[in-house]
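In this chain, numbering begins with 1 at the start of the sequence shown.
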Amino acid sequence: RDAYANLLLPALLAERGLTGRDAAFATELTYGTLRGRGTYDAILAACSDRDDLDPPVRDVLRLGAHQLLATRVGRHAAVSTSVDLAKDVCGPRPAGFVNAVLRRVATRDLDEWIKIAAPDRSGDPSGYLAVRYSYPPWIVDAFRDALGSSEPGSSELEDALAAGNARPAVVLALGPGETPSSPSDGSLPDGERTRWSPYGYRLAGGDPAALVAAGAAVQDEGSQLAALALTRIALNPEAPENPETPDGPEPADRLWLDLCAGPGGKARLLAGLAADRGARLIAADVHPHRARHVRDALRRAGGSGHGVIAADGRRRPWAPGTFDRVLADVPCSGLGSLRRRPEARWRKTPADVAELAVLQRQLLEAAIDATRPGGVVAYVTCSPHLAETQNVVSAVTRDRPDVTILDAPAVLPEVPGLRALDPRFAQFWPHRHGTDAIFISLLRRC
């Protein structure tokens with residue numbers, strides 16, 4: 001029904017009363033099968049003479065292939081439980097077919113099957129990598145373009161594809177003043193501070209759903225740094241160091257905007273940072289239910305220096321030039337977070353990216369218009385696709401002489417390897433930084 005596994009699975013585990021090793025195994029089957037679907041489909045096609053399979057039968061075969069090729073489940077157990085499952089969900093007729101196909105899968109290991117099932121690497125490098133790492137070929141090409149890889153099968157491209165299949169660590173965002181021993185929700189499981197974000201805390205284990213329910217904020221380190229980058233830029237480089245002296249000008253850094261705030265991770269961190277400076281954050285989202293999530297997240301964080309509204313930022317529900325700092329963390333394909341939502345790679349298409357790029361340009365225009373002269377905008381996506389990142393910024397700023405593109409990597413000097421193809425932009429990568437593939441562009445309204 002098009003639900004995302006990371007949202008649906010925790011509820012199903014609780015509903016069925018699965019805990020401990022059973023819950024861990026169910027989670028591995030779910031995420032592993034979704035992640036490896038492209039590879040398994042190619043192998044299953046090589047083991048079957050049927051082109052059209054009923055979706056439930058195909059899902060049973062995928063689950064069986066994952067157990068056979070990527071887990072320590074015994075061959076007999078993987079085949080027999082898959083046959084039983086086929087009988088339960090499909091009836092008795094497909095059981096023999098499932099048995100025959102999976103017995104054939106069990107005759108070779110994963111690497112041997114890839115040699116058989118994947119296209120020739122020299123003749124079709126994208127097709128080969130698509131089967132080898134389980135991606136649609138168009139995403140392989142998009143990653144290659146974003147990395148600037150001159151070779152079709154470069155080692156860094158393979159590193160990036162492999163990292164997108166790795167299981168991510170659970171990272172929390174601790175607000176200003178919180179510590180691992182005294183966050184707003186109480187003590188935390190064992191873990192360690194993240195490498196670059198002063199607010200990140202990487203857990204050694206624990207249930208993210210339970211932590212969120214208890215008031216913790218789960219947020220990738222790259223996302224934390226995107227919010228932090230917006231706050232590091234001086235609003236007026238020519239201003240004196242202490243503009244709040246009695247004889248100086250009125251303080252300027254008073255009102256911030258999170259334009260697409262749902263579900264509230266960055267808003268939670270920004271609200272704390274704003275409060276430390278005596279500023280106020282307005283968090284907006286076009287969807288009322290997402291605005292409620294933002295309100296809940298900010299309420300759990302405590303403090304009162306913020307407001308939440310359900311509004312479409314493209315319709316400018318505020319006067320032009322209202323805000324000092326604006327975060328435009330725009331809706332995107334999510335290709336940068338495939339470690340967390342592996343099925344997204346099978347749901348998105350190039351047409352979806354093109355459609356999103358139109359919305360992204362509109363939202364960036366609105367963000368710039370909402371910013372006062374001298375103020376700053378952070379354009380952020382969780383995608384490395386050029387059509388959603390530097391192409392959007394270039395298209396919007398090309399006709400806007402009132403905007404200057406700033407050097408985003410220079411604002412995060414502690415993080416190596418951030419410079420994108422256009423060196424003014426910052427691009428995180430899972431294989432370089434251990435984060436989601438977050439893109440950051442920083443702009444000044446002139």
Side-chain angles (χ1 to χ4, degrees), residues 5 21 24-90 92-137 139-140 143 152-155 157-167 338-339 342-343 345-346 431:
R21 294 179 65 186
F25 184 56
T27 300
E28 170 58 30
L29 284 179
T30 301
Y31 281 95
T33 304
L34 289 170
R35 190 178 293 118
R37 177 182 131 178
T39 303
Y40 300 147
D41 282 357
I43 294 170
L44 292 169
C47 294
S48 168
D49 56 2
R50 297 188 188 179
D51 294 329
D52 295 325
L53 297 176
D54 290 339
V57 174
R58 188 180 297 278
D59 286 340
V60 170
L61 288 171
R62 289 166 173 165
L63 285 161
H66 180 65
Q67 292 177 77
L68 288 167
L69 300 174
T71 76
R72 292 177 292 179
V73 174
R75 293 183 178 184
H76 176 76
V79 174
S80 63
T81 55
S82 298
V83 171
D84 290 342
L85 181 59
K87 293 176 182 178
D88 287 343
V89 300
C90 310
R93 289 186 59 188
F97 172 73
V98 168
N99 180 68
V101 171
L102 290 182
R103 284 184 179 277
R104 194 171 300 167
V105 173
T107 61
R108 292 178 171 87
D109 65 19
L110 181 60
D111 288 337
E112 290 175 320
W113 273 121
I114 288 173
K115 292 176 183 177
I116 295 170
D120 177 70
R121 182 166 190 159
S122 59
D124 184 4
S126 293
Y128 170 81
L129 293 175
V131 173
R132 174 69 181 83
Y133 294 101
S134 191
Y135 289 81
I139 296 182
V140 174
F143 277 32
S154 72
S155 60
L157 174 59
E158 293 204 48
D159 289 344
L161 295 172
N165 289 330
R167 184 181 303 165
L338 295 180
R339 302 178 304 162
E343 68 270 41
R345 72 189 74 189
W346 312 117
H431 68 287

Seminar exercise, completed: Here the gap from His66 atom NE2 to Leu61 atom CG, rounded to the nearest 0.5 Å, amounts to 14.5 Å
Exercise. Quick one: does Pro119's side chain get under 4.5 Å of Val131's, heavy atoms only?
Worked result: yes
Problem set entry | salt_bridge(Glu28, Arg21) N-O dist < 4.0 Å | no
Problem set entry | Option from Val140, Ile114, Thr39 for which side chain to side chain contact (heavy atoms under 4.5 Å, CB included) with Arg132 holds | Ile114
For this session: Find out whether Val73 and Leu68 are in side-chain contact, i.e. whether some heavy atom of one side chain is under 4.5 Å from a heavy atom of the other.
Result: no
For this session: Indicate the atoms forming the closest heavy-atom contact of Val105 with Ile43, along with that distance.
Result: CG2-CG2, 4.5 Å
Problem set entry | Closest non-hydrogen atom pair between Ser82 and Leu102, with its separation | CB-CD1, 3.4 Å
For this session: Please say whether more than 12 non-hydrogen atoms of neighbouring residues, nucleotides or ligands are located less than 6.0 Å from CZ in Arg103.
Result: no
Problem set entry | Whether Ser48 side chain and Leu44 backbone form a donor-acceptor pair below 3.5 Å | no
Exercise. Quick one: does Asn165's side chain have a donor or acceptor within less than 3.5 Å of a partner on Tyr133's backbone?
Worked result: yes
Seminar exercise, completed: Nearest heavy-atom contact between Ala160 and Tyr135 is O-OH, 4.2 Å
Exercise. Does the side chain of Val98 reach to within under 4.5 Å of the side chain of Val57, using non-hydrogen atoms?
Worked result: yes
Exercise. Taking side chain as C-beta onward, heavy atoms only, is Arg108 less than 4.5 Å from Ile116?
Worked result: yes
Seminar exercise, completed: Per side chain to side chain contact (heavy atoms under 4.5 Å, CB included), Leu338 is matched among Glu343, Arg345, Arg35 by Arg345
Exercise. When you measure from the side chain of Trp346 to the backbone N and O of Leu34, does any donor-acceptor pair fall under 3.5 Å?
Worked result: yes
Problem set entry | Approximate separation, where rounding is to 0.5 Å, of Leu63 CG and Tyr40 OH | 10.0 Å
Problem set entry | Arg75 (side chain) donor-acceptor with Ala106 (main chain) under 3.5 angstrom | yes
For this session: Check whether NZ of the Lys or CZ of the Arg Arg50 lies under 6.0 Å from the centre of the six-membered ring of Phe97 and within 45 degrees of that ring's axis.
Result: yes
For this session: Show the numbers, then the answer: is there a side-chain contact (heavy atoms from CB on, under 4.5 Å) between Leu129 and Leu157?
Result: CA-CA 9 Å; Leu129 293 175; Leu157 174 59; 3.7 Å; yes
Exercise. Looking only at heavy atoms, what is the nearest atom pair of Pro136 and Ala130, with distance?
Worked result: C-CB, 4.3 Å
Problem set entry | Asp120 side chain near Tyr128 side chain, heavy-atom distance below 4.5 Å | no
For this session: Taking the side chain as every heavy atom from C-beta outward, state whether Arg58 and Arg62 have any atom pair closer than 4.5 Å.
Result: yes
Exercise. Would a distance-only check, ignoring hydrogens and angles, find a side-chain to backbone donor-acceptor pair under 3.5 Å from Arg104 to Cys47?
Worked result: yes
Problem set entry | Heavy-atom check, side chain of Tyr31 versus side chain of Arg339, under 4.5 Å | no
For this session: Write down the atom of Pro125, the atom of Ser122, and the distance for their closest heavy-atom approach.
Result: CD-O, 4.1 Å
Problem set entry | Non-hydrogen atoms of Ser134 and Arg37 that approach each other most closely | OG-N, 3.4 Å
Seminar exercise, completed: dist Thr107:OG1 -> Glu112:CD (nearest 0.5 Å) comes out at 8.0 Å
Problem set entry | Heavy-atom side-chain proximity of Ile139 to Leu161 below 4.5 angstrom | no
